[in-house]
Amino acid sequence: MNSPELLPILCYPDPRLHTVAKPVAEVDDDIRALIPRMLATMYDANGIGLAATQVDVHLRLIVIDVSETRDQPMVLINPELEWASDEKRKGEEGCLSVPGIYDGVERSIAVRVRALDGEGHSRVIEAEGMLAVCIQHEMDHLLGKVFVEYLSMLKRNRIKSKLVKARREAERA
């Protein structure tokens, strides 16, 4: 079987990353075809989560796999945060749209989210630890927010400069 075609991942500071995603109206053939492409793209980039916004599809769709074995994919369509713990923890985060950059972000340690799965069935996910962090990070993308926006303006500007410079050098090579 052929592996799904990979999708290009938008890189910060691409303005399209700030687009607020629209709800998925129906889990149709187009959405079902997009899911394996997003998963293949995420796995190929060694990521644990990918929001449709990051591949320039502005719909409320997320794929996640935080398993060690990389064989437990989750699909969240139109995810809605029902509850987040008051207890928060600061942890290192990275992002496929901000390659090579890691920094501390404070997140709730547990969340409950309602979403549709890849077949369009409603489900509730109760998550803690890495999965809770990943869900919050990816849901931010659906709101047009990239994790570096939690950092100071100084750090954000340094990151932006570094990524723009790296992109220019890659284009010249």
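As the structure is a computational prediction, the values presented were derived from the model and not from experiment.
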Is there a donor-acceptor contact under 3.5 Å from the side chain of D65 to the main chain of Q72?
-> yes

Have a look at S97 and tell me which of H141, R16, Q54 forms a side chain to side chain donor-acceptor pair (under 3.5 Å) with it.
-> Q54

Any side-chain heavy atom of L61 within less than 4.5 Å of one from I35?
-> yes

Where is the tightest heavy-atom contact between G49 and C134, given as atom of each residue plus distance?
-> CA-SG, 3.9 Å

Quick one: do E93 and Y102 satisfy side chain to side chain contact (heavy atoms under 4.5 Å, CB included)? Show the steps, please.
-> CA-CA 5 Å; E93 287 189 28; Y102 299 88; over 6 Å; no

How close do T53 and A21 get, heavy atom to heavy atom, and via which atoms?
-> OG1-CB, 4.0 Å

Report the distance from atom OH of Y43 to atom CG of L50, rounding to the nearest 0.5 Å.
-> 11.5 Å

Heavy-atom nearest pair, A115 first then P79, reads CB-CA, 3.8 Å

Distance col, row I159:CD1 vs R156:CZ, nearest 0.5 angstrom, shows 9.0 Å

Is there a side chain to side chain contact (heavy atoms under 4.5 Å, CB included) between D28 and I31 once you walk through the steps?
-> CA-CA 5 Å; D28 58 15; I31 295 297; 3.5 Å; yes

D103 and Y150: side chain donor to acceptor below 3.5 Å | no

Heavy-atom nearest pair, S108 first then Q136, reads O-NE2, 2.8 Å

In this structure, CE of M153 is separated from CZ of R158 (nearest 0.5 Å) by 13.5 Å

Could you state the interatomic distance from CG (L6) to CZ (R37), rounded to the nearest 0.5 Å?
-> 8.5 Å

Would you say the side chain of R60 lies within less than 4.5 Å of the side chain of E80, judging by non-hydrogen atoms?
-> yes

Judged by atom type as modelled, is there a donor-acceptor pair below 3.5 Å linking the side chain of N78 to the main-chain atoms of P23?
-> no

What distance do L96 atom CG and T41 atom OG1 have between them, rounded to the nearest 0.5 Å?
-> 9.5 Å

Step by step, would you call E106 with K88 a salt bridge (Lys or Arg N to Asp or Glu O under 4.0 Å)?
-> CA-CA 6 Å; E106 192 173 87; K88 297 182 185 309; 5.8 Å; no

Got I125 and L76 here, is their nearest side-chain heavy-atom distance under 4.5 Å?
-> yes

Heavy-atom pair of closest approach, residues G144 and H18 | O-ND1, 3.0 Å

For atom CD of E92, is the number of surrounding heavy atoms from other residues, nucleotides or ligands below 6.0 Å larger than 12?
-> yes

Listed partners of R32 passing salt bridge (Lys or Arg N to Asp or Glu O under 4.0 Å), at least two apart = D29

Should V57 and V63 be regarded as members of a common hydrophobic cluster, given that ILVMFWY residues are connected when their side-chain heavy atoms come within less than 4.5 Å of each other, either directly or indirectly?
-> yes

Heavy-atom distance under 4.5 Å between the side chains of R167 and P99, does that happen here?
-> no

Using the salt bridge (Lys or Arg N to Asp or Glu O under 4.0 Å) rule, take E82 and R114 through it: C-alpha gap first, then chi angles, then the decisive distance, then the call.
-> CA-CA 7 Å; E82 290 191 336; R114 179 175 301 278; 2.7 Å; yes

Quick one: does P13's side chain get under 4.5 Å of V164's, heavy atoms only?
-> yes

Would a hydrophobic clustering, with Ile, Leu, Val, Met, Phe, Trp and Tyr connected at side-chain separations under 4.5 Å, put L151 with L17?
-> yes

Taking the side chain as C-beta and beyond, is there a heavy-atom pair between R89 and V133 under 4.5 Å?
-> no

Do I48 and I64 come close enough that some side-chain heavy atom pair is under 4.5 Å?
-> no

Short question: side chain of E128, backbone of I109 - any donor-acceptor pair under 3.5 Å?
-> no

Rounded to the nearest 0.5 angstrom, the CG-SG distance for L163 and C11 is 7.0 Å

Cluster check L142, I135: I/L/V/M/F/W/Y, side chain < 4.5 angstrom = yes

Working for salt bridge (Lys or Arg N to Asp or Glu O under 4.0 Å), residues E87 and R107 | CA-CA 8 Å; E87 187 181 346; R107 303 270 189 193; over 6 Å; no

Common cluster, I62/M74, ILVMFWY with side-chain heavy-atom separation under 4.5 Å = yes

Short question: side chain of E169, backbone of A166 - any donor-acceptor pair under 3.5 Å?
-> no

Considering only heavy atoms from C-beta outward, does the side chain of E126 approach that of V111 to under 4.5 Å?
-> no

For L81 and A84, work out which heavy atoms get closest and say how close.
-> CD2-CB, 4.2 Å

Would you say M42 and M38 are hydrophobically clustered, going by side-chain heavy atoms of ILVMFWY under 4.5 Å?
-> yes

Taking atom CG of D71 as the centre, report whether more than 12 heavy atoms of other residues, nucleotides or ligands fall under 6.0 Å from it.
-> yes

Please assess D140 against V146 for the test side chain to side chain contact (heavy atoms under 4.5 Å, CB included), listing each intermediate value before the final yes or no.
-> CA-CA 7 Å; D140 275 354; V146 181; over 6 Å; no

